[in-house]
Amino acid sequence: MHLLRTHSCGELRKEHAGCEVSLAGWVNRRRDHGGLIFIDLRDREGIVQTVFNPEISPSGLKTAEEMRNEYVVRVTGEVALRPAGTENSKIPTGDIEVIVKDTEILNTSNTPPFYINEEVEVDENLRLKYRYLDLRRPRMKENMLLRHRVTKFMRDFLDARGFIEVETPILLKSTPEGARDYLVPSRVHPGEFYALPQSPQQLKQLLMVAGFEKYYQIARCFRDEDTRADRQPEHTQLDIEMSFVTQDDILNLMEELYTSLVETIKPELHLVKPFPLLTYTEAIERYGSDKPDLRYDLEIADLTDIAARTDFAILRTAIDNGGKVKGITAPGCGEYSRSQLEELNKLVLSAGAGGLLTVSLGAKGGGLDGLTLNEVKSVAAKFLTLEQVKEIAGRCRADKGDLLLVVAGEPDKIYPALDILRREMARRLKLADPGVIAFGFVVDFPLLARNEETGRWEPANNPFTEPRDEDIPLLDSAPEKVFGKNYDIVCNGLELASGSIRIHDAELQRKIFRLLGYNDKEIDSLFGHMLEAFDYGAPPHGGIAPGIDRTVMLLAGEETIREVIAFPKTQSAMDLTFEAPSPVTEEQLAELHIRLQEEE
RNA sequence: GGCCCCGUAGUGUAGCGGUCUAACAUGCCACCCUGUCACGGUGGAGAUCGGGGGUUCAAAUCCCCCCGGGGUCGCCA
């Protein structure tokens with residue numbers, strides 16, 4: 001099978017000493033001592049030192065003189081223990097070397113545009129243009145191997161529990177979902193388009209109607225929206241759907257999956273078990289976010305009642321207008337400078353809140369009891385009694401030397417600001433331990449949200465989510481009070497997975513669609529296939545879909561999912577290796593019945 | 001679309017009004033070198049400082065516009 005090689009470079013160890021081997025790989029580095037040349041030969045499994053000695057092979061040395069970095073070469077020789085004192089403990093193959101008897105350059109290489117054999121930050125554009133070289137670098141290679149192990153683990157895990165993998169179409173139908181669709185024009189049907197799936201949501205539900213009971217798929221999902229560090233035009237999710245399950249069944253399955261995944265693949269990461277479970281309302285009230293980073297506390301304290309008793313007009317006005325007063329503690333930041341405080345204020349303003357009230361609790365030491373009003377630095381200071389300051393500090397679990405960050409106003413405005421403050425302070429104070437991976441469940445989301453612009457109800461998660469049984473009567477009277485049977489997995493401040501128990505009753509589903517503003521004709525043309533399917537014995541079912549890219553990113557300790565995707569796109573949705581997207585020929589357009597419009 | 005950050009030899013950085021004829025490291029090329037492993041030594045090539053305009057006696061450096069990239073808000077059911 002392997003005509004060019006008998007072993008991989010990285011697998012050779014002491015036990016191979018004396019073996020005659022053939023290796024093939026890339027020149028990682030050449031060390032030319034004149035009469036003696038060392039070539040570090042690299043393949044996917046690792047690096048091994050090969051030695052070219054004129055006393056063994058004069059022609060081999062001559063060939064080695066021609067070799068340069070990234071040349072592809074084959075060597076044949078004998079594995080030998082390195083001379084005493086020349087072992088290299090830094091590499092796994094460092095006890096041995098290969099004494100080359102015969103060699104051959106299989107292919108030359110241009111000098112790479114960036115270092116492949118060193119870990120240096122390189123401009124990402126350049127890396128993406130030459131992604132095939134970037135992927136040779138150890139970090140990227142490890143990320144791709146990790147990704148493989150993760151998906152392999154997931155497949156094995158689900159297979160062992162009776163799930164079957166089913167492939168679903170990439171060319172399908174545009175339906176009014178949350179995101180913009182990627183459209184593919186039809187040649188056969190002039191003027192009609194396929195849409196790439198934003199997720200296999202409807203398909204997996206139809207597979208439940210089909211009776212597969214437990215389905216999964218490593219599924220590619222497409223959304224034509226702006227990218228982020230954790231968002232790409234196409235991403236991969238572990239798409240899961242099960243029949244005859246409750247929310248707890250799915251959450252338990254996920255906890256087991258992620259716990260065993262981390263313990264098997266990244267045992268060095270500290271995992272918090274069991275996963276904490278928060279309701280959506282709790283998550284917002286405690287962390288200001290429905291995807292809180294649970295690696296640190298910095299919880300939000302409600303100060304509304306205390307603030308209402310003060311003489312500080314700004315806070316009292318906010319409360320009189322139906323607002324709340326909330327704060328978090330920045331530990332040890334009591335001596336922040338005016339400009340540092342102003343930076344935080346700008347963050348709060350950018351988040352849409354009215355402004356930030358800071359209360360500095362002096363210098364460290366002495367405890368709250370020793371605090372004097374003189375030490376308290378705040379524009380609110382003269383409106384507060386010492387007792388009130390202490391009460392506020394106590395509520396925020398703050399100590400002397402800390403900084404209180406207080407925001408007042410409508411909940412919609414202040415929670416995003418508190419969320420930003422919380423994450424910013426955690427970043428500054430390095431509160432998020434990179435050795436910790438903190439999962440959590442968030443449950444009981446509102447089913448619907450009012451779109452401010454259109455005034456229409458929109459699904460907070462997706463239109464197929466089943467309302468909580470007890471809330472169904474509210475659908476007619478008070479839709480905003482209806483909670484859904486949906487749940488997220490959060491991890492280190494990311495939304496890692498989202499799922500729900502689905503509606504399996506055609507009438508209830510039709511009711512939801514009507515509530516979302518569709519008339520019956522629209523419902524039938526857009527979702528008729530789903531409603532009809534539900535009338536043929538749809539089992540109760542539910543599912544979830546964890547993001548694979550985000551999972552691997554977290555396990556790899558990377559900051560963006562681009563680092564764990566082989567060929568990712570830039571922020572402007574381009575593939576720099578292929579320079580896609582690109583224009584097509586007039587003939588191609590004509591075949592698709594498409595005429596381009598001049599941009600103004 | 002808004003806000004913020006970045007753009008200097010192949011790569012990574014320094015320089016932030018004049019001493020810049022742009023520095024350093026590495027890579028590259030040539031020569032020397034038989035135990036290195038980020039080998040070492042000597043020499044050399046390599047940048048109109050993202051593009052355009054302006055201010056100034058003088059611009060990599062200050063200002064404006066544009067381009068490219070990234071982060072974030074909007075957006076992402």
Side-chain angles (χ1 to χ4, degrees), chain A residues 28-41 47-56 61 65 68-70 80 82-91 93-94 97 99 110-130 133 175-181 198-199 201-202 221-233 235 343 346-347 349-352 416-417 419-420 423-424 445 447-449 451-453 456-465 484 486 495 498 500 512-513 516 527 547 559-560 562 569-572 574 576:
Chain A
N28 195 62
R29 217 177 270 279
R30 182 181 63 135
R31 290 180 295 281
D32 184 345
H33 290 245
L36 185 72
I37 295 177
F38 299 98
I39 298 278
D40 290 339
L41 194 61
I47 291 173
V48 70
Q49 171 166 284
T50 64
V51 188
F52 295 77
N53 189 326
E55 289 155 27
I56 307 290
L61 185 80
E65 282 171 0
R68 294 293 182 274
N69 283 351
E70 302 308 314
R82 291 196 185 188
T86 67
E87 299 88 351
N88 182 355
S89 60
K90 284 186 257 177
I91 57 173
T93 61
E97 59 193 8
I99 312 295
N110 291 338
T111 300
F114 50 82
Y115 302 101
I116 288 167
N117 51 16
E118 281 180 46
E119 285 297 327
V120 179
E121 282 298 319
V122 180
D123 177 71
E124 197 176 356
N125 277 358
L126 193 66
R127 293 174 54 201
L128 290 175
K129 181 176 178 190
Y130 297 97
L133 298 180
T175 54
E177 296 182 78
R180 228 174 259 121
D181 282 320
Q198 297 181 25
S199 92
Q201 177 64 34
Q202 297 182 39
C221 304
F222 304 87
R223 293 174 193 181
D224 187 3
E225 297 292 345
D226 287 352
T227 64
R228 287 287 185 281
D230 61 352
R231 274 164 32 190
Q232 280 272 299
H235 79 277
E343 280 173 18
K346 278 187 182 156
L347 272 182
L349 292 173
S350 73
D419 173 39
I420 284 191
R423 284 185 284 128
E424 173 66 13
F445 289 76
L447 188 72
L448 304 163
N451 182 314
E452 298 288 341
E453 283 174 28
R456 280 169 57 144
W457 288 106
E458 291 181 349
N461 185 244
N462 74 44
F464 306 106
T465 299
N486 42 3
E495 179 189 305
S498 199
S500 65
I512 296 290
F513 282 135
L516 297 174
F527 302 105
E559 297 289 327
T560 93
R562 296 190 298 277
K569 292 184 174 59
T570 64
Q571 192 170 68
S572 52
M574 288 196 295
L576 296 182

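Within every chain, numbering begins at 1; the chains are lettered A, B, ... in the order of the sequence lines, protein sequences first and strands thereafter. All heavy atoms count here, side chains included; hydrogens, waters and symmetry mates do not.
Atom-to-atom, CD of A:Gln571 to C1' of B:C73 comes out at 12 Å; the value is rounded to the nearest Å. In this structure, the CD atom of A:Glu343 is 11 Å from the P atom of B:C5, given to the nearest Å. What separates NZ of A:Lys129 from P of B:G68 is a distance of 16 Å, to the nearest Å. Note: NE2 (A:His33) to C1' (B:A38) measures 12 Å, nearest angstrom. Remark: P of B:C32 and CG of A:Leu36 are 16 Å apart, rounded to the nearest angstrom.
Within the shown strands, B:C67 is the pairing partner of B:G7 under the Watson-Crick or G-U definition, both distances less than 3.5 Å.
Remark: the separation of the P atoms in B:C16 and B:G50 is 16 Å, to the nearest Å. Going from the P atom of B:A45 to that of B:G7 covers 28 Å, rounded to whole Å. B:C33 and B:G40 have their C1' atoms separated by 8 Å, given to the nearest Å.
Counting all heavy atoms, side chain and backbone alike, A:Asn69 lies closest to A:Asn28 at OD1-O, 3.5 Å.
Between A:Arg127 and the phosphate of B:G69, there is no side-chain N or O to OP1/OP2 separation shorter than 4.0 Å. When the side-chain nitrogen and oxygen atoms of A:Ser572 are compared with OP1 and OP2 of B:G69, one or more of them lie within a distance under 4.0 Å. In this model, the phosphate group of B:A38 is approached by a side-chain N or O of A:Lys90 to a distance below 4.0 Å at OP1 or OP2. Checking the phosphate oxygens (OP1, OP2) of B:C39, a side-chain nitrogen or oxygen of A:Arg31 falls inside 4.0 Å.
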Using residues 31-39 of chain A as the side-chain source, report each donor-acceptor pair under 3.5 Å to any protein atom, sequence neighbours left out, with the distance given to one decimal.
from    : atom 1 : to      : atom 2 : distance (Å)
A:Arg31 : NH1    : A:Asp40 : OD2    : 2.8
A:Arg31 : NH2    : A:Asp40 : OD1    : 2.9
A:Arg31 : NH2    : A:Asp40 : OD2    : 3.4
A:Arg31 : NH2    : A:Gln49 : OE1    : 2.9
A:Asp32 : OD1    : A:Gly34 : N      : 2.8

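Counting distance only, with no hydrogens placed and no angle test, the side-chain atoms of A:Glu118 and the base atoms of B:U11 include no donor-acceptor pair under 3.5 Å.
Between A:Asn461 and A:Pro459, every side-chain heavy-atom pair lies at or beyond the 4.5 Å cut-off.
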When you compare the protein's N or O atoms with those of nucleotides 75-77 of chain B, which come within less than 3.5 Å of each other, and at what distance?
from  : atom 1 : to       : atom 2 : distance (Å)
B:C75 : O2'    : A:Glu225 : OE1    : 2.6
B:C75 : O2     : A:Arg231 : NH2    : 3.0
B:C75 : N3     : A:Arg231 : NH1    : 3.3
B:C75 : N3     : A:Arg231 : NH2    : 3.0
B:C76 : OP1    : A:Gly178 : O      : 3.2
B:C76 : O2     : A:Arg231 : NE     : 3.3
B:C76 : O2     : A:Arg231 : NH1    : 2.8
B:C76 : N3     : A:Arg231 : NH1    : 3.2
B:A77 : OP2    : A:Arg223 : NH1    : 3.1
B:A77 : O4'    : A:Gly178 : N      : 2.5
B:A77 : O3'    : A:Pro459 : O      : 2.8
B:A77 : O2'    : A:Pro459 : O      : 2.8
B:A77 : O2'    : A:Asn461 : O      : 2.1
B:A77 : N7     : A:Glu177 : OE1    : 3.4
B:A77 : N3     : A:Asn461 : O      : 3.3

